[in-house]
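Structure, as structure tokens:
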2 protein chains.
Amino acid sequence: MREIEETLESKGIRPTAMRILIYKYMVEKEIALALTDIENAFIKSDRTTLYRTLKTFEENGIVHQIDDGTGTAKYAICEEHCNCELEQDLHLHFHCNSCDETVCLTEHKIPHINLPEGYKAKDVNLVVKGICDKCSGQ
Amino acid sequence: MREIEETLESKGIRPTAMRILIYKYMVEKEIALALTDIENAFIKSDRTTLYRTLKTFEENGIVHQIDDGTGTAKYAICEEHCNCELEQDLHLHFHCNSCDETVCLTEHKIPHINLPEGYKAKDVNLVVKGICDKCSGQ
DNA sequence: AAGTAGGTGCAACAGAAGTGCAATTATTGA
DNA sequence: TCAATAATTGCACTTCTGTTGCACCTACTT
Ligand SMILES: [Mn+2]
Ligand SMILES: [Mn+2]
Ligand SMILES: [Zn+2]
Ligand SMILES: [Zn+2]
């Protein structure tokens, strides 16, 4: 708890009760979460607060946003020393068509992509869809 | 014109006036288009018609849908012998942060991605963002 | 020409994202 | 300590994209 407070403070944001709870929840879940997911977990709090909390987290490099192709944005806690606010977040994401969960595969970095003449890459997004380990293990 | 009719018929859909015009428009544009883009180009036609036309096109392998990370779906004409209805569409897409256009880089196939034990890939989406050739050439 | 299947237009709805403003809570410093 | 100030939260409302139901129209079939 104290640890989470320090993490938030170290990233320059004030560790309010709400923020600590949301951070804790996201760490425990281990999968990427949509605003709606968090909304359902914190029914006593307002959507806008959760929305702005995620935005603040993102702006301060606490979470990164993931576009997994489902149409709704997902968010996941950044790794310890990730600096995705500065550079791009290089790991790939996996979306399971069976359980509908999206996870960060932080160990799996995105390979270098070469582009035609004149194109300059700033960011790369790689999402693999299929069946996750939990679902294929049945 | 006759050519477009034949293309549509060969894919099993009726070549109505509307469909021919939309197909023609998408071929000429050469970039991936959102429903709204097409809507603005065909103000006399209804959103729903355009929406369902794109859906029909997609279901019959005439266009493929692209999620470029902007939050709105884009559509682009499929290559001559692409069979993205059956397998996944393997080329990568590029979104320019300057002109906001998304293009298919059909020559650039997505490299093989290896996944952790238990994960099974069915589809891969790779989007590179940055500055396109037209915009960097200035 | 009548019947039928497919295509189109209108209206309405759902969900996600985003904004303005007032109320509340936390921090500052006199 | 306590008023002033700044940050955070909650409520209401809007916009945008995607989607569906239903009625009407149009084009093929026999
Ligand atoms: Mn991630
Ligand atoms: Mn493409
Ligand atoms: Zn799964
Ligand atoms: Zn450009």
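Labels below follow one simple rule: chain letters A, B, ... track the order of the sequence lines, proteins then strands, and each chain is numbered from 1.
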[X] has an atom [atom1]; how far is it from atom [atom2] of [N], in whole Å?
X: B:L21; N: C:dT8; atom1: CG; atom2: P; result: 11 Å
X: A:D68; N: C:dA16; atom1: CG; atom2: C1'; result: 14 Å
X: A:E58; N: C:dG18; atom1: CD; atom2: P; result: 10 Å
X: B:D46; N: C:dA11; atom1: CG; atom2: P; result: 10 Å
X: A:E39; N: D:dC11; atom1: CD; atom2: P; result: 12 Å
X: B:Y23; N: C:dG7; atom1: OH; atom2: P; result: 17 Å
X: A:I20; N: C:dA26; atom1: CD1; atom2: P; result: 11 Å
X: A:R47; N: D:dT8; atom1: CZ; atom2: C1'; result: 17 Å

If you go through the side-chain atoms of [X], does one of them form a donor-acceptor pair with the base of [N] closer than 3.5 Å?
X: B:T36; N: D:dC16; value: no
X: A:R52; N: C:dA17; value: no
X: A:T48; N: D:dC11; value: yes

Give a yes/no on whether any side-chain N or O of [X] is located under 4.0 angstrom from OP1 or OP2 of [N].
X: A:Y51; N: C:dA16; value: no
X: A:T16; N: D:dA7; value: no
X: A:T72; N: C:dG15; value: no
X: A:K55; N: D:dT8; value: no

| message | Does B:A73 reach a base, just sugar-phosphate, or nothing at all? Heavy atoms under 4.0 Å. | response | sugar-phosphate
| query | Checking all strands, does B:R19 fall into the base, sugar-phosphate, or nothing category for heavy-atom contacts under 4.0 angstrom? | reply | sugar-phosphate
| task | Could you tell me whether B:K109 atom NZ has more than 12 heavy atoms of other residues or ligands within 6.0 Å of it? | result | yes
| remark: Out of D:dT17, D:dT8, C:dG7, minimum distance to the side chain of B:R14 belongs to C:dG7
| said: I need the single residue from A:D68, A:D37, A:D67, A:D100 that forms a salt bridge (Lys or Arg N to Asp or Glu O under 4.0 Å) with A:K74. Which is it? | reply: A:D68
| Are B:I131 and B:V127 joined in one hydrophobic group, where the rule is that I, L, V, M, F, W and Y side chains link up if heavy atoms are under 4.5 Å apart? | no
| field | Salt-bridge criterion met for A:R2 and A:E6 (N-O under 4.0 Å) | value | yes
| said: Quick one about B:T106 and B:H91 (side-chain donor to acceptor, distance below 3.5 Å, no hydrogens or angles considered), yes or no? | reply: no
